[in-house]
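Notes follow once the structure below has been shown.
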Amino acid sequence: MSVRVRFAPSPTGSMHVGNVRTALFDVLLARSLGGSFVLRVEDTDRNRYDPQSLEDIYGSLRWLGLTWDEGPDIGGPHAPYVQSERLERYQVAAERLLSGGHAYRCYCSSQRLAQLRESGHVGYDRHCRDLSEEQRRSGEASGSGSVVRLRVPEEGSVGFEDGILGTVERAAADITADPVLLKSDGFPTYHLAAIVDDAEMEISHVLRSQEWVPSTPIHLLVQEALDLPRPAYLHLPPVNGPDGRKLGKRHGATAVAEFRERGYLPEAMVNHLALVGWSPGDDRELFSFDELAAAFSLEGINKAPGIFDHGKLDWFNGQHLRRLDDAALAQRVRPYLAEAGVDVGGALDAAAALIRERLTVLVDAPQWLSFLGQDPRLSAAELTPKRLDAAATAQLLRAAQPLLEPVWAGADAADDAVDASLRQLADDHAAKFGDLMMALRMAATGSKVSPPLFGTMRVLGAEATRRRIARAIDTLTAAANANGGATSD
RNA sequence: GUCUCCAUCGUCUAGCGGUUAGGACACCGGGUUUUCAUCCCGGCAACAGGGGUUCGACUCCCCUUGGAGAUGCCA
């Protein structure tokens, strides 16, 4: 039997890291076993349906490189892949269950159900389970519609072998009492739709969140009643928020789209996500997508819930950022620079290379290159290293100026020589090399923190750099004269 | 309330009866360095508790505790 896995999101909200982790495991399983990955949209809840959510789902999956072999947009042998377009199938299935005595029509009003709840009763009281012909007729006659409920046996138990949890057994009495399979609006609930579709789409492995374990017996009952094959069930451990609770609205940044905007690489997201709930069994941490597909196996999946740790994601992002070559990094960084209005001219690749080691997320890129903006306006005090005074600093800068020229000659070929000549210069003036560099850094970038200076100067350009240093010399000289040569502090 | 699942450093995890309980992130030191960062080295830090089983339990069983989930005409 061929391996076929499906990811079946419902378009009712944005895709969060937990959902996408499931999708990732789906893809990894399919890829590692040479199977197919099916995307199916479960839009059977008309009230919560959100068209924007669908875009978010597609966008998030694509961004992460989790591409499907069959799905709503590309079709496939079992199209359509949108449940709202498959209603007849569920209705037919419901009819079969009805005629086979495995399900029954329920005429209870939502008011009655609400009352039941308020009175403290948990679950459905099976009020319509064994209606007389007469009661049934009056129910139909009332015209207020009906739902189809599964007739869950009252005795015995239902069990299955979960691929991750092992044997799961549940007493019939503990199974949700007669869940609704077909709603009064003619749409199926998950319990019917997913089972029918999984069978029809020949799904071999169902990977889904552990929250589904309690309702799996329902699914088995439906399957059995419909005489459908049973796929392997693998219930994945949940991915919880930092507080250890189920991911939800209160957890801030959990939407995949948000991570994307903040400049996390899809490679890093995938890498980190894969390691929450799965382990290769050895000490490896850094993986490319292909490496994951190669290493992935069901045995490595964990049972215990995990927390999506943002700190580790940062680390992964840095690692993957550093794996990008100049051109690739430049492309990733470009939109963020444009957004922030930082103009690097034709030096995008060089600029990217300059900040690679300093980036955690792409949104940080603009501030590392902010020296490209206006010429800094600095006071003599700001320009003067602690161990020097204005006069000495001016003198150093003046002497350093010509020595910097080779920096612009080409790539970084001359940097070592420039470095050596500047060290010599500092030495000659009985100054610290670090102080000289800091004075140059302040003059050229207006900041005590910058990427490596020579590269920074190259990206800034010869003209701007010379201008800024000249200006700094002027400022320092003026201050030195005013002070009559005294300390400029 | 009832049912289900889960339980190793703060976090992600390795371990599948005999280990100084390993790695990674974070954190704290130190080193390299032109600032920042990277990088390198070192340190801190865990088997929830109690019973069994066994010559021997982190590993197997039970209970307790803790956490999570389910209990919808949501998925």
Side-chain angles (χ1 to χ4, degrees), chain A residues 8-13 19 42-48 106 108-110 113-114 117 120 122-124 145-149 162 164-166 168-171 173-177 179-191 193-194 208-217 235 237-238 240 242 244-246 272 274-286 299-300 302-316 318-319 322 355-360 368 419 422-423 432-438 440-442 445 447-454 456:
Chain A
S10 66
T12 55
N19 296 145
E42 310 219 321
D43 58 344
T44 55
D45 184 338
R46 295 189 302 176
N47 300 317
R48 294 200 306 154
C106 165
C108 291
S109 66
S110 46
L113 263 19
R117 249 197 100 88
V122 287
Y124 182 52
S146 64
V147 300
V148 174
R149 287 183 183 273
D162 186 277
I164 293 165
L165 301 176
V168 177
E169 192 87 26
R170 211 173 160 89
D174 292 327
I175 298 173
T176 302
V180 172
L181 298 180
L182 199 66
K183 307 181 225 182
S184 57
D185 63 3
F187 277 65
T189 60
Y190 178 91
H191 302 312
R208 40 145 68 154
S209 160
Q210 243 172 47
E211 64 182 317
W212 289 107
V213 172
S215 48
T216 303
H235 287 99
N240 293 328
R245 288 176 176 277
K246 186 178 178 180
H272 186 215
L275 263 15
V276 178
W278 174 79
S279 162
D282 53 39
D283 286 344
R284 286 178 293 170
E285 297 276 347
L286 250 28
E299 292 71 47
N302 216 49
K303 293 181 189 182
I307 289 172
F308 187 80
D309 184 60
H310 291 213
K312 193 152 188 182
L313 175 63
D314 281 346
W315 178 75
F316 274 118
Q319 293 299 314
R322 264 151 238 143
I355 63 176
R356 176 187 285 111
E357 245 96 89
R358 275 148 274 265
L359 285 180
T360 297
W368 278 109
D419 182 275
L422 287 178
R423 281 178 195 278
K432 297 267 191 196
F433 176 65
D435 287 345
L436 201 211
M437 292 300 279
M438 188 51 82
L440 283 168
R441 187 186 318 281
M442 280 305 295
T445 71
S447 170
K448 288 162 85 168
V449 175
S450 84
L453 240 203
F454 303 149
T456 296

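Each of A:R284 and A:S279 was matched to the nucleotide of RNA chain B holding its nearest heavy atom; the match closer to the 5' end belongs to A:S279. Map A:R423 and A:D174 each onto its nearest nucleotide of RNA chain B; the residue landing nearer the 5' end is A:D174.
Ring orientation note: the planes of A:F316 and A:H272 are tilted relative to one another, at an angle of 30° to 60°.
Both distances falling under 3.5 Å, in either a Watson-Crick or a G-U wobble arrangement, place B:G18 opposite B:C55. Across all strands shown, B:A70 forms a Watson-Crick or G-U wobble pair with B:U2, both key distances being under 3.5 Å. Remark: B:G42 base-pairs with B:C28; criterion is Watson-Crick or G-U wobble with both hydrogen-bond distances under 3.5 Å.
The side chain of A:R117 has B:G72 as its nearest neighbour among B:G72, B:C39, B:C73. The listed nucleotides are B:C74, B:C12, B:C3; the one nearest the side chain of A:R48 is B:C74. Comparing B:A75, B:A70, B:U34 by their closest approach to the side chain of A:K183 singles out B:A75. Listed nucleotides: B:A75, B:C12, B:A24. Nearest to the side chain of A:V276: B:C12. Side-chain atoms of A:R441 lie closest to B:U35 of the nucleotides B:U35, B:G23, B:C73. Of the candidate nucleotides B:U38, B:A24, B:A70, B:U38 has the atom nearest to the side chain of A:E357. The A:K312 side chain lies nearest to B:A24 when the options are B:C39, B:U4, B:A24. Relative to the side chain of A:T189, the nucleotides B:C73, B:A70, B:U4 differ in distance, and B:C73 lies closest. For A:L165, whose side chain is taken as the heavy atoms from C-beta onward, the closest listed nucleotide among B:G72, B:C6, B:C39 is B:C6.
One donor-acceptor pair, N or O on each side, does fall under 3.5 Å between the base of B:C73 and the side chain of A:S184. Contact annotation: side chain of A:R356 to base of B:U38, donor-acceptor pair absent below 3.5 Å.
Comparing B:C12 with B:U4, their P atoms are spaced 26 Å from each other, to the whole Å. Comparing the C1' positions of B:U65 and B:C27 gives an interatomic distance of 30 Å, to the nearest angstrom. Spacing of C1' atoms, B:U59 relative to B:U19, comes out at 12 Å, to the nearest Å. Between the P atoms of B:A48 and B:C9, the separation comes to 7 Å (whole Å).
Judged by distance alone, with hydrogens and angles left aside, the side-chain atoms of A:T44 form no donor-acceptor pair with the main-chain N or O of A:T189 at under 3.5 Å. In this structure, the side chain of A:S184 does not engage the main chain of A:V147 through any donor-acceptor pair within 3.5 Å.
With hydrogens and angles left out, the side-chain atoms of A:S279 and A:R284 include no donor and acceptor closer than 3.5 Å.
In this structure, A:K448 does not reach the B:U34 phosphate: none of its side-chain N or O atoms is under 4.0 Å from OP1 or OP2.
Side-chain contact check for A:K246 versus A:E211: some heavy-atom pair is nearer than 4.5 Å.
Per the geometry, CD1 belonging to A:I307 stands 21 Å off P belonging to B:A24, to the nearest Å.
The pair A:K183-A:D185 fails the salt-bridge criterion, with no side-chain N (NZ, NE, NH1 or NH2) lying under 4.0 Å from an Asp/Glu carboxylate O.
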